[in-house]
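Have a look at the structure below before the remarks.
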Amino acid sequence: QVQLVESGGGLVQAGGSLRLSCAASGRTFGSYTMGWFRQAPGKEREFVAGISGRGGSTYYADSVQGRFTISRDNAKNTVYLQMNSLKPEDTAVYYCAAKDPGSSWYGTQQYTYWGQGTQVTVSS
């Protein structure tokens, strides 16, 4: 069992930055692939970024490539999402999630554990 708690969301102007954190419980954090997803009002939850258990592989949605960076600190059981050059269309509730390695990175159904989400609002 893994419990995930996100933090770091808030209101920021377009062009600004935020760093989201996701703290995980459990002693097997390093064995999980971690992902960040987001869901805007009226839209489906979508993949944003993912990172392998040891951090050697990362993947990004095209819409955030070059602006967002995912990282993890397994000693602290925490995964981060650094978001730069934020745009109003980045406004959403952001969720972190954990899955076993080996399956697709991009589908919500592949992830077993989810946090409660943190709101990010980007004003124009």
Side-chain angles (χ1 to χ4, degrees):
Q1 187 78 9
V2 176
Q3 292 185 327
L4 304 173
V5 180
E6 303 97 334
S7 62
L11 174 64
V12 64
Q13 289 188 330
S17 298
L18 282 174
R19 188 176 82 155
L20 305 183
S21 299
C22 174
S25 65
R27 294 181 290 178
T28 59
F29 175 73
S31 68
Y32 290 100
T33 294
M34 299 299 296
W36 283 99
F37 288 76
R38 66 186 181 187
Q39 188 167 19
K43 295 187 176 181
E44 292 186 353
R45 192 169 299 188
E46 63 176 2
F47 174 83
V48 174
I51 188 166
S52 59
R54 294 185 179 183
S57 297
T58 56
Y59 293 91
Y60 297 93
D62 289 343
S63 58
V64 306
Q65 180 77 47
R67 299 188 298 123
F68 291 10
T69 302
I70 189 171
S71 62
R72 67 190 297 161
D73 184 340
N74 287 348
K76 296 182 178 180
N77 279 16
T78 302
V79 62
Y80 304 98
L81 186 67
Q82 178 66 44
M83 306 186 295
N84 298 329
S85 303
L86 282 161
K87 305 175 181 180
E89 52 263 43
D90 294 317
T91 295
V93 177
Y94 283 71
Y95 299 89
C96 71
K99 73 173 188 74
D100 292 323
S103 57
S104 169
W105 290 70
Y106 307 104
T108 57
Q109 66 273 19
Q110 307 298 337
Y111 289 77
T112 305
Y113 303 105
W114 291 85
Q116 82 290 346
T118 185
Q119 176 71 47
V120 171
T121 303
V122 184
S123 63
S124 57

- Message: Minimum heavy-atom separation for Leu11 and Ser123, please, with both atom names.
- Response: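 Residues Leu11 and Ser123, closest heavy atoms: CD1-CB, 4.3 Å.
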- Item | Exercise: identify the closest heavy-atom pair between Leu4 and Cys22 |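 Closest heavy-atom pair between Leu4 and Cys22: CB-SG, 3.8 Å.
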To the nearest 0.5 angstrom, please state how far the [atom1] atom of [X] sits from the [atom2] atom of [Y].
X      : Y      : atom1 : atom2 : value
Thr118 : Leu20  : OG1   : CG    : 6.0 Å
Phe47  : Tyr59  : CZ    : OH    : 9.0 Å
Glu46  : Tyr106 : CD    : OH    : 13.5 Å
Gln109 : Ser104 : CD    : OG    : 7.0 Å
Asp90  : Met83  : CG    : CE    : 7.5 Å
Tyr113 : Ser25  : OH    : OG    : 9.0 Å

- Query: Should Trp105 and Ser52 be marked as a side chain to side chain contact (heavy atoms under 4.5 Å, CB included) after you check the CA-CA gap, both sets of side-chain angles, and the distance that decides it?
  - Reply: CA-CA 9 Å; Trp105 290 70; Ser52 59; 3.9 Å; yes
Has [X] got a side-chain atom pairing as donor or acceptor with [Y]'s backbone, closer than 3.5 angstrom?
X      : Y      : value
Thr91  : Thr121 : no
Ser124 : Pro88  : no
Glu6   : Cys96  : yes
Asn77  : Gly26  : yes
Ser21  : Ser7   : no

- Item | CA sep, side-chain torsions, deciding dist, call: Val48, Leu81, side chain to side chain contact (heavy atoms under 4.5 Å, CB included) | CA-CA 10 Å; Val48 174; Leu81 186 67; 4.2 Å; yes
- Message: When you group the ILVMFWY residues by side-chain heavy-atom contacts below 4.5 Å and let the links chain together, are Val120 and Met34 in the same group?
- Response: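 The answer is yes; both residues are in one hydrophobic cluster.
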- Message: Is there a continuous path of hydrophobic side-chain contacts, each under 4.5 Å between heavy atoms, that joins Tyr111 to Ile70?
- Response: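 Unlinked, Tyr111 and Ile70 end up in two clusters.
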- Message: Below 30° counts as parallel, above 60° as perpendicular, anything between as tilted: where do the rings of Phe68 and Tyr94 land?
- Response: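 The rings of Phe68 and Tyr94 sit tilted, inter-plane angle from 30° to 60°.
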- Message: Walk me through whether Trp36 and Val79 qualify under side chain to side chain contact (heavy atoms under 4.5 Å, CB included).
- Response: CA-CA 9 Å; Trp36 283 99; Val79 62; 3.9 Å; yes
- Please report the C-alpha distance between Leu86 and Leu18 in whole Å, then the side-chain angles of each, then the deciding distance to 0.1 Å, and finally whether the side chain to side chain contact (heavy atoms under 4.5 Å, CB included) criterion is met. CA-CA 8 Å; Leu86 282 161; Leu18 282 174; 4.2 Å; yes
- Check against ring pair (Phe, Tyr, Trp, His ring centres under 6.0 Å), Trp114 and Phe37: CA-CA 10 Å; Trp114 291 85; Phe37 288 76; 5.0 Å; yes
- Task: Kindly indicate whether the side chain of Gln82, heavy atoms from C-beta on, has any atom under 4.5 Å from the side chain of Ser71.
- Result: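 Side-chain contact under 4.5 Å: no.
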- Find out whether Asp100 and Tyr32 are in side-chain contact, i.e. whether some heavy atom of one side chain is under 4.5 Å from a heavy atom of the other.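 Yes; the side chains approach each other to less than 4.5 Å.
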- Arg72 to Tyr80, cation-pi by 6.0 Å centre distance and 45° axis angle: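 Not satisfied by the 6.0 Å and 45° rule.
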- Message: Here's one to test your reading of the geometry: is the NZ or CZ of Arg38 within 45 degrees of the ring axis of Tyr95 and under 6.0 Å from its centre?
- Response: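 No - Arg38 does not lie over the ring of Tyr95 by the 6.0 Å and 45° rule.
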- Side-chain H-bond candidate by donor/acceptor type, Asp73 with Thr78, under 3.5 Å: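 No donor-acceptor contact under 3.5 Å links the two side chains.
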- Item | Heavy atoms of other groups near Gln3 CD, more than 12 under 6.0 Å |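 Not buried by this count: 12 neighbours or fewer within 6.0 Å.
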